[in-house]
Amino acid sequence: MSQIVDAHVAYCAAISDLSRDKTELLERIKQLEDRIHRAASAFFRDGSDGHVASQMLQILEEERGRP
């Protein structure tokens, strides 16, 4: 009986971990979509080509620095 309980506890812990991982990944995707949207907006705004490219690079570099 103890093995069944242990297996159930391990199963519940795995499900909890997967749920937390899913939430973290969905948040990460949301952040990436926001950066892409900001970069696209910067690209289509009026301004000098060099200035717009610099803004886009800055937005995209934010992601590079993330773990």
Side-chain angles (χ1 to χ4, degrees):
M1 184 72 162
S2 177
Q3 290 177 340
I4 293 172
V5 171
D6 290 344
H8 181 71
V9 169
Y11 174 78
C12 289
I15 293 297
S16 178
D17 289 345
L18 289 172
S19 179
R20 186 177 58 249
D21 291 347
K22 177 183 173 185
T23 300
E24 291 172 3
L25 288 171
L26 289 173
E27 182 60 33
R28 180 72 162 168
I29 289 168
K30 191 175 175 181
Q31 291 173 356
L32 288 170
E33 288 174 339
D34 177 62
R35 282 186 178 76
I36 290 168
H37 175 74
R38 288 171 49 210
S41 294
F43 181 76
F44 289 108
R45 275 198 302 262
D46 290 337
S48 70
D49 290 337
H51 179 70
V52 171
S54 175
Q55 285 180 324
M56 288 179 66
L57 182 60
Q58 179 182 352
I59 292 167
L60 296 173
E61 285 293 327
E62 289 175 15
E63 188 55 35
R64 181 180 288 201
R66 292 198 172 258

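Within the 4.5 Å cutoff, side-chain heavy atoms of E33 are placed close to those of I29.
Within a 6.0 Å radius of CD in Q31, more than 12 heavy atoms belonging to other residues, nucleotides or ligands are found. Within a 6.0 Å radius of CD in Q3, other residues, nucleotides and ligands contribute 12 heavy atoms or fewer.
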Could you walk me through whether R20 and T23 pass side-chain contact (heavy atoms from CB on, under 4.5 Å), step by step?
-> CA-CA 5 Å; R20 186 177 58 249; T23 300; 5.7 Å; no
Report the C-alpha separation of K22 and L26 in whole Å, then their side-chain angles, then the decisive distance to 0.1 Å, and conclude whether the side-chain contact (heavy atoms from CB on, under 4.5 Å) test is met.
-> CA-CA 6 Å; K22 177 183 173 185; L26 289 173; 4.0 Å; yes
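The distance from atom SG of C12 to atom CG of D17, rounded to the nearest 0.5 Å, is 11.0 Å.
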